[in-house]
Amino acid sequence: MPTNPSSKKTEISMLNIMLCLFVVFIHVSSAPVSQLNKASFQYMAVMIPWRLSAFVVQGFIFLSGLKFFIKGTDNFNYTVFLKKRIKTIIIPYLIWVMVYYVYFCAIGYFPFSIKDYIIYVINGSIVSPFYFIVIIVQFYILMPLWIKLFKTFESKILVIISFILMIMAKKYLPLFIGNSFLYYDRIFTTYLFYWILGCAAGLNYNSFRALASKIIFFSAAAFAIAALSDAYFSLKSFAYMQYVPFLENLHVLYCITAILFSFGFFAVLSDKGFKFGSILKNIDSSSFYIYLSHCFVMNIIDHITARLGIYSIGEAYLLRFISVYVITITLCVCYIKLKKRILSRR
C-alpha cells in the first residue's frame with residue numbers, strides 16, 4: 001500500500017540532495033578529467049570520484065518513479081498530470097534552453113536560429129545535463145502504460161523483465177537503428193530498469209524501505225565491490241586505453257548498487273533520528289533549478305577564468321568548483337524563497 005504522500009520522507013529528500021550535488025560535481029570536474037595527464041596521480045584522484053558519481057541520471061529516474069507511485073494511482077488523471085509536468089518541468093526547461101542558447105550566441109559560438117533552438121530542445125544537447133529532461137519526459141508521456149502494467153503484473157516480475165529489456169536494448173538497438181544515430185543515451189529504454197524499480201519501490205514503499213534498511217550491510221558490501229571494480233576497470237579503459245568489453249554492464253551493476261545502498265543508508269539514518277537543517281531543506285526544494293542552471297554559472301566562471309589568464313588546471317578547477325557550488329546554490333535558494341513569498345502573498 002502507498003504511504004501517506006503528505007509526509008515528507010527524509011531518505012527521499014537526502015537522496016535527492018546527494019544526487020543534485022553529484023550532478024554539479026560531475027560537470028565542474030569534466031575539465032580536469034579531460035585536461036590532466038592520464039598517467040598522473042591528479043588525474044586518478046579526480047577521475048575516480050567523477051566516474052563513481054555517474055549514477056545520478058539513473059538515480060533521478062529511480063526517484064521520479066518512486067515519487068509518483070508512492071502517492072498511489074487510483075485517482076490518476078492523465079490530463080492533469082501532463083499539465084502539471086508542463087508547468088513544473090517543461091516550461092522551466094524551455095526557458096533555460098533559451099538562456100543557454102542566447103548566451104552561446106552572444107559569445108559567438110553560433111548564430112541565432114529558431115530552428116536550431118528547437119533542435120536543442122528536442123535532443124537536450126545544449127548542455128550536458130539536459131538529456132535527462134528528454135528521457136524523463138518520455139517516461140511521463142507513457143505514464144498510463146506504467147500504471148496499467150503495475151495493475152496487471154506483480155512488481156517483482158516487472159522489475160526482472162525491465163532489467164532484461166534494458167540490457168537487450170543497450171546491446172541490440174544500435175544494430176537495428178544504426179550507429180550513425182547519436183542519441184541512444186536519451187531513449188527511455190536505456191534507463192527502463194531504474195524507472196520500473198522506482199515505480200515498484202514507490203508502490204510498495206513501506207516494504208521496500210524496510211528491506212533496504214534490513215540488508216544495509218549486504219548492500220554496502222555489494223556497493224563497495226562494485227565501486228572498486230568499476231573504478232579499477234574504468235581507470236584501465238580511460239587512462240591506459242585498454243579495451244574492457246564488460247565495462248558498460250559493470251557500470252550498470254554499480255549504478256544499481258549505488259542507488260540501493262544510498263537509499264538504504266539514508267533510510268537507516270532517518271530511523272536513527274537524523275533531521276536535516278534549513279540549508280539541506282533549501283537545497284532539496286531548489287534542486288531542479290540547481291540542475292538546470294549550474295552549467296550556465298560554470299560557463300560564465302570559465303569565461304572569467306580565461307580572461308583573467310588563469311591557465312593552471314588546478315587553480316582553474318578550484319575556482320570553478322567553489323564558485324559554481326556557492327553561486328548556483330545561493331541564487332537558486334534565493335529564487336525559490338522569493339517565489340514562495342510572492343505566491344503566499346497572492
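Here the structure is a predicted model, which means the values were calculated and not measured.
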Would you say V127 ends up clustered with I300 if hydrophobic residues are merged whenever their side chains have heavy atoms under 4.5 Å apart, either directly or through other cluster members?
yes

Check whether any side-chain heavy atom of Y140 lies under 4.5 Å from a side-chain heavy atom of I86, and answer yes or no.
no

CE of M47 to CG of L36, rounded to nearest 0.5 Å, is 11.5 Å

Donor-acceptor pair, Y289 side chain versus Y335 backbone, under 3.5 Å?
no

Closest heavy-atom pair, S293 versus C332, reported as atoms and distance to 0.1 Å, is OG-SG, 3.3 Å

Please round to the nearest 0.5 Å and tell me the distance separating atom CG of L165 and atom CD1 of I160.
12.0 Å

Please report the closest heavy-atom contact between Y43 and N37, naming both atoms and the distance.
CB-O, 3.2 Å

I'd like to know if the side chain of Y317 reaches the main chain of V28, judged simply by a donor and an acceptor atom lying under 3.5 Å from each other, with no hydrogens or angles considered.
no

What I'd like to find out is whether the side chain of Y100 reaches to under 4.5 Å of the side chain of Y120, using heavy atoms alone.
no

For the residue pair F104 and F110, categorise the inter-ring angle as parallel (less than 30°), tilted (30 to 60°) or perpendicular (more than 60°).
perpendicular

Okay, side chain of H251, backbone of A54: is any donor-acceptor separation there less than 3.5 Å?
yes

Would a single hydrophobic cluster contain both I89 and V97, if residues Ile, Leu, Val, Met, Phe, Trp and Tyr are joined by side-chain heavy-atom contacts under 4.5 Å?
yes

Supply the atom-to-atom distance L63 CG to I136 CD1, rounded to the nearest 0.5 angstrom.
10.0 Å

Parallel, tilted or perpendicular: which one describes the rings of F163 and F193, with boundaries at 30° and 60°?
perpendicular

Hey, are the side chains of F68 and T73 touching, using non-hydrogen atoms and a 4.5 Å cut-off?
yes

Taking W50 for its side chain and S29 for its backbone only, find out whether a donor-acceptor pair lies under 3.5 Å.
no

Please round to the nearest 0.5 Å and tell me the distance separating atom OH of Y109 and atom CD1 of I126.
11.0 Å

Aromatic plane relationship, F208 with F263 - under 30° parallel, 30 to 60° tilted, over 60° perpendicular
tilted

Given side chains that start at C-beta, do those of I141 and Q138 come closer than 4.5 Å, heavy atoms only?
no

Intermediate values then yes/no, ring pair (Phe, Tyr, Trp, His ring centres under 6.0 Å), F60 and Y291
CA-CA 11 Å; F60 276 130; Y291 189 93; 5.8 Å; yes

Evaluate the ring pair (Phe, Tyr, Trp, His ring centres under 6.0 Å) criterion for residues F246 and F233: first the C-alpha distance (whole Å), next the side-chain angles of each, then the deciding distance (0.1 Å), finally the verdict.
CA-CA 9 Å; F246 54 84; F233 287 107; 4.9 Å; yes

Do the side chains of Y117 and F112 join up, straight or via other hydrophobic residues, at under 4.5 Å, putting them in one cluster?
yes

Compare all side-chain heavy atoms of F265 with those of M14 and state whether any distance is below 4.5 angstrom.
no

Does V159 offer a backbone N or O that forms a donor-acceptor pair with the side chain of S162 under 3.5 Å?
yes

Charged N to carboxylate O under 4.0 angstrom, R209 versus D271?
yes

Shortest non-hydrogen contact from N299 toward C295:
ND2-O, 2.7 Å

Answer yes or no: is there a donor N or O on one side and an acceptor on the other, between the side chain of N16 and the main chain of I12, under 3.5 Å?
no

Heavy-atom side-chain contact between I290 and L21 under 4.5 Å
no

Would you please classify the geometry between the Y131 ring and the Y191 ring as parallel, tilted or perpendicular, with 30° and 60° separating the classes?
tilted

I would like to know whether F139 and F188 meet ring pair (Phe, Tyr, Trp, His ring centres under 6.0 Å); could you show each step before the answer?
CA-CA 7 Å; F139 284 115; F188 78 94; 5.8 Å; yes

Given the rule that I, L, V, M, F, W and Y join up when any side-chain heavy atoms are under 4.5 Å apart, are L52 and M18 in one cluster?
yes

May I ask you to test the M166-T189 pair for a side-chain heavy-atom distance under 4.5 Å?
no

Starting from I95, can I reach I90 by hopping between I/L/V/M/F/W/Y residues whose side chains sit under 4.5 Å apart?
yes

Check whether any side-chain heavy atom of P92 lies under 4.5 Å from a side-chain heavy atom of L292, and answer yes or no.
yes

